[in-house]
Amino acid sequence: MLCSKLPSVPGHGKSRPMAQQNSFDIVSQVDSGEIVNAFNQTIKEVRQRFDFKGSSANVVLEKNELVLTAEDETKLRNMNDILQQKLVRRGVPLKAFTYGNIEPAAGGTVRQRAQIQEGIPQDKAKEVVKFIKDSKAKVQASIQGDVVRVSGRDRDTLQDIIAKLKEKDFGIHMQFTNYRSN
């Protein structure tokens, strides 16, 4: 009866805990409230400015884009400058907008659309993941819808990845959110 009463060994029979995994998400989001505020301020200033008196220049906020219309390209550019100043003052990054070409519109006017970017487009997400993999850091990057998730064991490595991503211009506005340590 030598083996009848063995002392219990802590953790015996249980799986070992997994190595600690840290992660963060790369997102592209803008504050729609601030866009609305900048839009309203732009309309107010255009209506008050002398160089726009009697002009049909206008900005319209549609679902996910701004549509600028004016009599000529000069007024359109001036109105766009006003809009961009208001956006910057309200903390909205200009990279969050993709401007279309200036096109002719009804009544001899010109129009330009500015698409509001929400989420990271698939082609840019692939570019970000490739950049992270090419860095040879010991992290994993995966595309999850319009978000890129980066995970790895070492927090310092993740911080290095964030720093490298901030240095490179992907042509989109990126934020680093959801930093987790498990």
Side-chain angles (χ1 to χ4, degrees), residues 9-42 59-68 77 80-103 112-182:
V9 178
H12 183 68
K14 297 179 184 175
S15 62
R16 289 185 174 165
M18 287 184 58
Q20 186 176 10
Q21 194 73 347
N22 301 301
S23 66
F24 68 89
D25 292 340
I26 305 170
V27 298
S28 182
Q29 301 169 333
V30 291
D31 186 347
S32 58
E34 293 298 344
I35 291 174
V36 170
N37 289 339
F39 160 76
N40 289 332
Q41 289 175 344
T42 301
V59 182
V60 178
L61 179 60
E62 293 182 357
K63 185 178 178 182
N64 60 347
E65 69 181 1
L66 293 167
V67 181
L68 295 87
R77 274 193 227 99
N80 193 12
D81 288 344
I82 295 168
L83 174 65
Q84 289 182 356
Q85 288 173 4
K86 303 299 181 193
L87 288 167
V88 168
R89 279 194 199 134
R90 306 224 45 102
V92 178
L94 297 180
K95 282 185 180 180
F97 295 88
T98 306
Y99 285 89
N101 294 327
I102 297 174
E103 55 194 37
Q112 185 175 29
R113 297 180 180 277
Q115 189 81 26
I116 302 169
Q117 177 191 319
E118 277 292 327
I120 299 176
Q122 204 68 11
D123 60 328
K124 294 293 182 181
K126 288 178 183 177
E127 192 179 328
V128 169
V129 169
K130 182 181 180 333
F131 177 79
I132 292 170
K133 288 185 178 181
D134 290 348
S135 74
K136 305 287 187 213
K138 292 186 179 185
V139 297
Q140 295 79 42
S142 62
I143 301 171
Q144 298 182 349
D146 58 359
V147 173
V148 176
R149 171 148 306 151
V150 181
S151 57
R153 289 184 181 173
D154 186 23
R155 289 181 191 174
D156 293 336
T157 305
L158 292 178
Q159 293 291 340
D160 289 343
I161 291 294
I162 290 173
K164 287 178 183 176
L165 288 168
K166 284 181 177 179
E167 287 174 9
K168 179 148 173 63
D169 183 15
F170 291 96
I172 58 171
H173 175 65
M174 296 189 303
Q175 296 134 321
F176 306 97
T177 63
N178 241 0
Y179 197 92
R180 294 190 193 128
S181 294
N182 295 339

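- Summarising the geometry of Thr157 relative to Ala137, their closest heavy-atom pair is CG2-CB, 3.8 Å, with the distance given to 0.1 Å.
- Applying the side-chain contact (heavy atoms from CB on, under 4.5 Å) criterion to Thr98, with sequence neighbours excluded, gives Gln115.
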Distance-only criterion, 3.5 Å: show the donor-acceptor pairs between side-chain atoms of residues 117-132 and protein atoms not counting sequence neighbours.
residue	atom	partner	partner atom	Å
Gln117	NE2	Ser28	OG	2.7
Glu118	OE2	Val30	N	3.3
Lys124	NZ	Phe170	O	2.9
Lys130	NZ	Asp134	OD2	2.8

Side-chain donor-acceptor contacts of residues 140-148 below 3.5 Å, not counting sequence neighbours, with atom names and distances?
none

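- The ring pair (Phe, Tyr, Trp, His ring centres under 6.0 Å) contacts involving residues 141-163 comprise nothing, where partners must be two or more places apart or lie in separate chains.
- With sequence neighbours excluded, no residue satisfies salt bridge (charged side-chain N to carboxylate O under 4.0 Å, His left out) with Arg89.
- Residues satisfying the side chain to side chain donor-acceptor pair (under 3.5 Å) criterion with Glu103, sequence neighbours excluded, are Arg111.
- Between Ala96 and His173 the shortest heavy-atom distance is N-CB, 4.3 Å.
- Take Lys95 and apply the side chain to side chain donor-acceptor pair (under 3.5 Å) test, not counting sequence neighbours, and it matches Asp169.
- Heavy-atom minimum distance, Phe97 versus Ile35: CZ-CD1, 4.0 Å.
- Among residue pairs with one or both ends in residues 30-41, those qualifying as side chain to side chain donor-acceptor pair (under 3.5 Å) are Glu34-Arg90; sequence neighbours excluded.
- The shortest distance between side-chain heavy atoms of Gln29 and Gln175 falls below 4.5 Å.
- Here Lys166 pairs with Ile162, Phe176 under the side-chain contact (heavy atoms from CB on, under 4.5 Å) rule; sequence neighbours left out.
- The heavy-atom pair separating Phe24 from Ile161 by the smallest distance is CZ-CG2, 4.1 Å.
- Within the model, atoms CZ of Arg77 and CD of Gln112 stand 9.0 Å from one another, a figure rounded to the nearest 0.5 Å.
- Remark: Arg149 engages Asp25 in a salt bridge (charged side-chain N to carboxylate O under 4.0 Å, His left out) (not counting sequence neighbours).
- Between Ile82 and Leu68 there is no side-chain heavy-atom pair separated by less than 4.5 Å.
- Atom-to-atom distance recorded for Leu94:CG and Leu87:CG is 6.0 Å, nearest 0.5 angstrom.
- Under the salt bridge (charged side-chain N to carboxylate O under 4.0 Å, His left out) criterion, Glu62 pairs with Arg113, sequence neighbours left out.
- Within a 6.0 Å sphere centred on NZ of Lys168, other residues, nucleotides and ligands contribute more than 12 heavy atoms.
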